Amino acid sequence: MSKVQAIRGMNDLLPEQSPLWQYFEGHIQALMSRYGYQEIRTPVLEQTSLFKRSIGEVTDIVEKEMYTFDDRSGDSLTLRPEGTAAVVRAAIENGMLHNQTQRLWYTGPMFRYERPQKGRYRQFHQVGVEIFGLDGPDIDAEAILLTARLWKQLGLNEHVTLELNSLGSNEARSAYRSLLVDYFTAHEDQLDEDSRRRLTSNPLRILDSKNPAMQDLIEGAPQLLEHLDRESQDHFESLKRLLDAAGIAYVINPRLVRGLDYYNRTVFEWTTTALGSQGTVCAGGRYDGLVEQLGGKPTRAVGFAMGIERLVLLLDTLGLVPPELHHNVDVYLMAMSDHGQSQALLLGETLRDALPGLRVQVHCGGGSFKSRMKKADRSGASLALILGEDELSEHTVSVKYLRDDTDQTTLDQPSLVALLTERFPAATEH
RNA sequence: GUGGGUGUAGCUCAGUGGUAGAGCCCCGGAUUGUGGCUCCGGUGGUCGUGGGUUCGAUCCCCAUCAUCCACCCCA
């Protein structure tokens with residue numbers, strides 16, 4: 001006997017949580033629109049080769065975390081493990097990068113075959129931004145300002161820290177990489193097992209090791225920021241000045257490297273200490289070489305992605321969820337007996353016609369009067385509208401105030417609409 | 001892939017080698033047409049699954065699955 005159950009690491013979003021997601025997504029849509037960014041939607045499935053070429057053959061994501069399978073014609077497809085590759089593909093394919101700039105955003109599910117833990121799931125959701133055709137630090141700053149505004153709107157600004165670094169040009173990064181490999185190879189006996197593996201896969205990652213035994217060795221390693229090319233240095237300095245001017249606080253983290261191969265120059269992360277070990281809530285940077293690498297004309301690009309699960313969890317943990325999100329009903333409308341049910345349904349429709357924004361729940365399913373009242377209370381509604389025998393014969397409705405001491409009144413329909421209009425002014429518009 | 005914790009009612013959790021408990025939720029009543037507070041009653045469990053030890057296992061042992069946390073990696 002096997003129970004039906006969801007796939008490991010893939011979660012249902014339950015009604016209790018969905019208002020919070022809608023709240024977050026609503027902020028995102030409005031924010032993107034205010035910065036003039038346009039939404040792009042791409043399929044969840046792509047050719048496997050797209051991710052191999054962009055993320056990097058030897059990264060963990062490509063080597064062991066992708067959901068890859070052959071379709072019925074034998075093509076290798078992969079559920080997207082991140083958003084950037086697909087957006088770049090779509091932008092090239094649809095001719096969006098010919099002498100134009102693009103400021104794009106997307107949201108949707110991503111898939112990685114990892115062990116689930118707090119803030120990390122096999123299907124997770126990201127909101128991302130990808131900007132094409134702009135080379136200067138000003139656009140890097142804008143991307144960061146946009147995220148900073150979001151934190152402020154959500155009340156998170158006191159709880160997240162901006163970490164900043166520069167990886168340099170692709171050439172400088174690669175030169176530094178060999179320097180680092182030389183250094184750590186010379187001290188290979190002091191490397192732990194993970195880092196010995198990283199030596200070939202992602203040597204920059206060794207700098208980020210959490211192993212205390214290796215901290216001295218890491219301290220002595222060549223510094224990335226001292227090996228930047230001149231142009232990247234200037235770019236980085238300008239970015240810092242722009243952030244200073246905008247009053248955005250940041251911490252330079254020379255050990256900050258991104259896991260994906262395509263990053264260069266500016267990289268940044270917003271982190272929190274409130275979520276346990278999965279503290280990165282938003283991360284991104286420049287990927288000036290990726291478009292060309294995927295067959296487009298050389299096009300500078302910068303972008304970032306944030307994890308919705310982590311941000312929603314953070315809002316929840318910090319008690320930043322507006323309490324009104326939990327109320328989804330304004331008025332609860334009930335007949336007192338099955339006899340009046342038809343009238344109750346009709347009155348519900350009348351009210352929705354008159355007040356498009358009013359959230360009306362009509363009692364269904366019978367039950368004693370006591371239980372109907374109880375459901376009215378539990379619905380969170382502030383008013384109960386009651387249709388009993390007297391009301392039905394007199395064509396009136398009784399209004400009972402569930403959350404304050406106002407006396408119950410009995411009204412005709414026009415007066416009821418007037419009362420509701422006054423009490424729920426926002427409800428006159430959808 | 002590695003390590004540790006946890007699986008008992010819809011939810012949060014007690015519990016004992018001898019046939020299963022509380023609180024919340026839900027339903028009904030005290031209160032013929034009035035919720036919240038209180039009181040009373042009721043519904044609801046193959047104790048994750050499979051095997052082993054035992055006269056007897058929800059409890060002990062093994063395996064397995066799920067879940068949580070951490071490592072790795074990442075949003």
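If you're wondering where the values come from, they're calculated on a predicted model, not measured in any experiment. Every chain is numbered from 1 and lettered A, B, ... according to where its sequence line falls, protein lines coming before strand lines.
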Nucleotides 24-34 of chain B: protein proximity per nucleotide (B base, S sugar-phosphate only, - neither; heavy atom, under 4.0 Å): -SSSS-B--BB
Atom pairs and distances, donor-acceptor, side-chain atoms in residues 123-149 of chain A, under 3.5 Å, two or more places apart:
unit_1   : atom_1 : unit_2   : atom_2 : d
A:His125 : ND1    : A:Glu309 : OE2    : 2.8
A:Glu130 : OE1    : A:Tyr287 : OH     : 2.4
A:Glu130 : OE2    : A:Thr84  : OG1    : 2.7
A:Asp135 : OD1    : A:Arg265 : NH1    : 3.1
A:Asp135 : OD1    : A:Arg300 : NE     : 3.3
A:Asp140 : OD1    : A:Arg286 : NE     : 3.1
A:Asp140 : OD1    : A:Arg286 : NH2    : 2.9
A:Asp140 : OD2    : A:His235 : NE2    : 2.8
A:Asp140 : OD2    : A:Thr266 : OG1    : 2.7
A:Asp140 : OD2    : A:Arg286 : NE     : 3.3
A:Glu142 : OE1    : A:Arg103 : NH1    : 3.0
A:Glu142 : OE2    : A:Tyr37  : OH     : 2.5
A:Glu142 : OE2    : A:Arg103 : NH1    : 2.6
A:Thr147 : OG1    : A:Ile144 : O      : 2.6
A:Thr147 : OG1    : A:Trp270 : NE1    : 3.0
A:Arg149 : NE     : A:Tyr35  : OH     : 3.1

5' priority, RNA chain B, between A:Ser209 and A:Gly9 [closest heavy atom]: A:Gly9
Flag, side chain of A:Gln215 to backbone of A:Ser209, donor-acceptor distance under 3.5 Å: yes
Value in whole Å for how far the P atom of B:G35 lies from CE of A:Met334: 10 Å
Parallel, tilted or perpendicular: rings of A:Tyr67 and A:Phe111 (30°, 60°): perpendicular
Residue pairs passing the salt bridge (Lys or Arg N to Asp or Glu O under 4.0 Å) test where at least one lies in residues 366-377 of chain A, sequence neighbours excluded: A:Asp338-A:Arg372, A:Asp377-A:Arg403
Sugar-phosphate, base or nothing in reach of A:Glu82, heavy atoms under 4.0 Å: nothing
Side-chain donor/acceptor of A:Thr421 to backbone N/O of A:Val417, under 3.5 Å: yes
Atom pair CZ (A:Phe184) and CD1 (A:Ile218), whose distance is rounded to the nearest 0.5 Å: 5.5 Å
For residues 12-19 of chain A, which side-chain N or O atoms pair as donor and acceptor with protein atoms under 3.5 Å away, sequence neighbours left out?
unit_1  : atom_1 : unit_2   : atom_2 : d
A:Gln17 : NE2    : A:Asp316 : OD2    : 3.4
A:Ser18 : OG     : A:Pro15  : O      : 3.3

Span that lies between the P atom of B:G50 and that of B:C59, in whole angstrom: 12 Å
Members of residues 40-64 of chain A that approach RNA chain B, where some heavy atom sits under 4.0 Å away: A:Asp60
Pairwise P distance, B:U19 and B:U67 [rounded to whole Å]: 34 Å
Grab the N/O contacts between the protein and nucleotides 10-13 of chain B below 3.5 Å, and write none if there aren't any.
none

Value rounded to 0.5 Å, distance of SG in A:Cys282 from CH2 in A:Trp151: 4.5 Å
A:Arg310 (side chain) donor-acceptor with A:Thr280 (main chain) under 3.5 angstrom: yes
Between N or O atoms, less than 3.5 Å apart, protein on one side and nucleotides 5-7 of chain B on the other: list the pairs.
none

A:Asp404 CG to B:G35 P, straight-line distance once rounded to whole Å: 17 Å
Between B:C74 (C1') and A:Leu204 (CG): distance, integer Å: 16 Å
Neighbours of RNA chain B within residues 302-315 of chain A, by heavy-atom distance under 4.0 Å: A:Ala305, A:Gly307, A:Arg310
Electrostatic pair A:Glu39-A:Arg41, nearest N-O below 4.0 angstrom: yes
Nearest non-hydrogen partners of A:Gly284 and A:Tyr263, listed with the distance: C-CE2, 3.7 Å
Whole-Å gap separating C1' (B:C73) and CG (A:Leu275): 17 Å
Sugar-phosphate only, base, or nothing, as touched by A:Arg403 at under 4.0 Å among non-hydrogen atoms: base
For RNA chain B, the residues among residues 146-156 of chain A that have a non-hydrogen atom under 4.0 Å from it: none
Span that lies between the C1' atom of B:G1 and that of B:G15, in whole angstrom: 37 Å
Side-chain donor-acceptor pair present, A:Ser277, A:Gln117, cut-off under 3.5 Å: yes
Length of the CZ-C1' vector between A:Arg205 and B:C71, whole Å: 13 Å
Nearest-angstrom distance from the residue atom CZ of A:Arg372 to C1' of B:G35: 14 Å
Sugar-phosphate only, base, or nothing, as touched by A:Ala376 at under 4.0 Å among non-hydrogen atoms: nothing
Side chain A:Asp288, main chain A:Ala301, donor-acceptor under 3.5 Å: yes
Pairwise C1' distance for B:U49 and B:G35, with rounding to whole Å: 44 Å
Interatomic distance, A:Asp407 CG vs B:G35 C1' [rounded to whole Å]: 16 Å
Residues A:Met214, A:Leu191; criterion side-chain contact (heavy atoms from CB on, under 4.5 Å); working and verdict: CA-CA 7 Å; A:Met214 290 191 21; A:Leu191 291 178; 4.1 Å; yes
Side-chain donor-acceptor pairs of residues 153-170 of chain A under 3.5 Å, sequence neighbours excluded:
unit_1   : atom_1 : unit_2   : atom_2 : d
A:Gln153 : OE1    : A:His27  : ND1    : 3.1
A:Glu163 : OE1    : A:Asn253 : ND2    : 2.7
A:Glu163 : OE2    : A:Thr271 : OG1    : 3.2
A:Asn165 : ND2    : A:Asn253 : O      : 3.4
A:Asn165 : ND2    : A:Pro254 : O      : 3.3
A:Asn165 : ND2    : A:Leu256 : O      : 2.9
A:Ser166 : OG     : A:Gly168 : N      : 3.3
A:Ser169 : OG     : A:Glu171 : N      : 3.4
A:Ser169 : OG     : A:Glu171 : OE1    : 3.3
A:Ser169 : OG     : A:Ala172 : N      : 3.0
A:Ser169 : OG     : A:Asp229 : OD1    : 3.3

Contacts of type side chain to side chain donor-acceptor pair (under 3.5 Å), residue A:Ser398, not counting sequence neighbours: A:Glu391, A:Thr410
B:C68 to B:C13 separation - P atoms, rounded to the nearest Å: 14 Å
Whole-Å gap separating C1' (B:C74) and CE (A:Met66): 15 Å
Interface with RNA chain B, restricted to residues 109-126 of chain A and to heavy atoms under 4.0 Å: A:Arg112, A:Glu114, A:Arg115, A:Gln117, A:Lys118, A:Gly119, A:Arg120, A:Tyr121, A:Phe124, A:Gln126
Residue whose nearest RNA chain B nucleotide is more 5′ - A:Ala283 or A:Asn211: A:Asn211
Side-chain N or O of A:Ser277 closer than 4.0 Å to phosphate OP1/OP2 of B:A70: yes
Distance between C1' atoms of B:G7 and B:U64 (Å, rounded): 13 Å
